[in-house]
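Everything below concerns the one structure shown next.
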Amino acid sequence: MRDDTLEMVKNDSFVPAVEIPSDKIMPLLVMAPELLVIWNGDSVWLSHEKGKTACLPLAEASVVLRGGLIVGHDTKDFLKALLAKNCRQLPAVKHDTAQCSFLLNPLRKSRALADLAGIESLDDPKLAIAALWEVYERQKKALAELPGLQRVAQTMDFPLVNVLAQMEFQGIKIDTSKLEKMNKSLTREIAVTQQNIYDMVGYEFNIASPAQLASALFDKLLLPIAGIKKGKTGYSTNQKELDKLRGQHPIIELIERFRELSKLQNTYVAALPEQTDANGYIHTTFNQDATATGRLSSTNPNLQNIPIRTELGRQIRDAFVPAPGNVFVNADYSQFELRLAAVMAGETVMVEDFNTDVDIHAKTAAEVYGVPIDEVTPVQRRRAKVVNFGVLYGMSQHGLAQAAHMSFAEAQHFIDEYYRIRPRVKAFMEQTIRQAHDNGFVQTLFGRRRPTPDVKSSNFAVRSAAERAAANMPIQGTEADLMKMAMLAVEKRLAEGPDVDASRLPSEAGKSEKNGFALPERQASSDSMLASTDNPSIPLGRQVLQIHDSIMVECPRQNAEKVSKILVETMENIYPSLGIKLKVDVKVGDSWGEV
DNA sequence: CTGATCACGCAC
DNA sequence: GCCGTACGTGATCATA
């Protein structure tokens, strides 16, 4: 695959920028419409003009950049460094070369600045500034050729860096003593379960090893291997296969319990307390250049896959708590992706159903089974729900059959009926796949792109998987676009602070000073001058999490109602010309588990 | 020992 | 062959 044609340029002779004493050009730096930034973890190199650069300590750069515009590579790290230096008014990101590289070519392997510039090493900051100028100007030209992508970059991904930096810096507090209690009780129950398993098998082994477990089940206990899937290493012992063995032997339930408990303990309960800072806060990293669809991802730790489905899992969410005096406000879009599928496909009846708050899964079941909507049975509705999700993922009769526990024939019938009732959805999927073939990429409503080289594969499985991924991307990606727009709009509304609404709501007048949001460590800041002179009004609350269709804000308890209203209003009206109503549910609580 | 890969399971 | 997008864990095996 042509990997680097869009961005890669050979550079045999690169001229380093000339260093100019910062005091000599301070006025130029302060007045510059944009400043290129290289931050090496220690000092900051700024450039207002190609060929020139000045070196400043981080604290001084923080003052120069206050409220300005920056161009850099991986600017989020730099913004977080500024926040750590108590910078109250971050510069805005005008252009980020790492993020832009991702938007232009998400398949590219390395996005290091040196690679983008085609240079061996950028140890010298003066050389790095020169490289940054080079890459910046090249990317500007590339974006100018792609207006849709340019808009995505400039109105979504670049400004979002600022929001993400603040979210990561802010962090979320966890109640470590709660998790430690859970940890102890998990350790005890795991030990008991493990011993029971050993007793049944007759010897001790590593239950976590799929190979050893398969040997215990199929060699020692001689459980039937008929219908059990084989992997590369042997018989599979995953949940789906264990399901088939249920009732054959009491050990199956014990293994499932062992799996559930050890998963929760290893991945969350024991791991999270090890990742807190000195104040008990967890600071995840939100990656904006990791997914093929434009979604964010979360790492170190991943806060986007904290359990919720089982009671034990939900208890882990209860350990995420707001600072004293604060609450969490969580807002999530209802049926976000299905609504987008309906409107993007132009399936007008479905759109109308969503606009009038019809139970879409029940409606789907009613149509497919040909019964009145109020006579739909719970089983019918459940199956229709699986199909509604399956559509988004490009389901086959095979996939549907196993997901909804029905026969191939039933699944095929269901799919046929579904597409007979929703022909525009089918046409939309097919049209998207055709675009993937004809154009080599698919895109969101706003022009974010995903290259689709594998739809040309001669391997049926590879090609089919690529077509399903292509069909899904415009929907999942448009969801990601709208979420980013919502986060930016929410950030703006929260920043208006208590004073704006105080004028609208007389009852709030006089309390404004205390309504502001600040965590203990921020209040403890010794830099009182910055607090008063920088003086962006204190926000009503701070975004702390984004999980694909939801935004969670932490705010002082007295702001909860106002923040709830802001979230619902902003998210529901994020893109009025979309052509379908967006519904947002909001909840206030004293822990993540409560919301 | 470190890194890559697999199997598995968690989220939306 | 068989429904999309992620990330983290432990086991396992290759590599240095």
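Nucleotides of DNA chain B with any atom under 4.0 Å from a heavy atom of chain A span, from 5' to 3', B:dC6 to B:dC12.
Each of C:dT9, C:dG4, C:dA6 was ranked by its minimum atom distance to the side chain of A:N305; first place goes to C:dA6. The side chain of A:A292 lies closest to C:dA6 when the candidates are C:dA6, C:dG4, C:dC2. When each of C:dT9, C:dT5, C:dA11 is scored by its nearest atom to the side-chain atoms of A:A208, the top-ranked nucleotide is C:dA11. Of all nucleotides listed (C:dG8, C:dT9, C:dG1), C:dG8 comes nearest to the side chain of A:N300. For A:A290, whose side chain is taken as the heavy atoms from C-beta onward, the closest listed nucleotide among C:dT12, C:dC7, C:dG8 is C:dC7. Each of C:dA11, C:dC2, C:dT5 was ranked by its minimum atom distance to the side chain of A:S209; first place goes to C:dA11.
The CG atom of A:L261 sits 15 Å away from the P atom of C:dG10 (whole-angstrom rounding).
When each of A:H548 and A:S464 is assigned the nucleotide of DNA chain C bearing its nearest heavy atom, the one mapping closer to the 5' terminus is A:S464.
Residue-level contact check: A:F336 touches neither bases nor backbone, having no heavy atom under 4.0 Å from any strand.
Contact check for A:S298 versus A:N287: no side-chain heavy atoms found under the 4.5 Å cut-off.
Base pairing analysis places B:dA11 opposite C:dT5; the two distances defining the Watson-Crick or G-U wobble pair are each below 3.5 Å. In a base pair of the Watson-Crick type (N1 to N3 plus N6-O4 or O6-N4) or a G-U wobble (N1-O2 and O6-N3), with each distance short of 3.5 Å, B:dC1 is matched with no nucleotide.
An OP1 or OP2 oxygen of C:dA6 is reached within less than 4.0 angstrom by no side-chain nitrogen or oxygen of A:R295.
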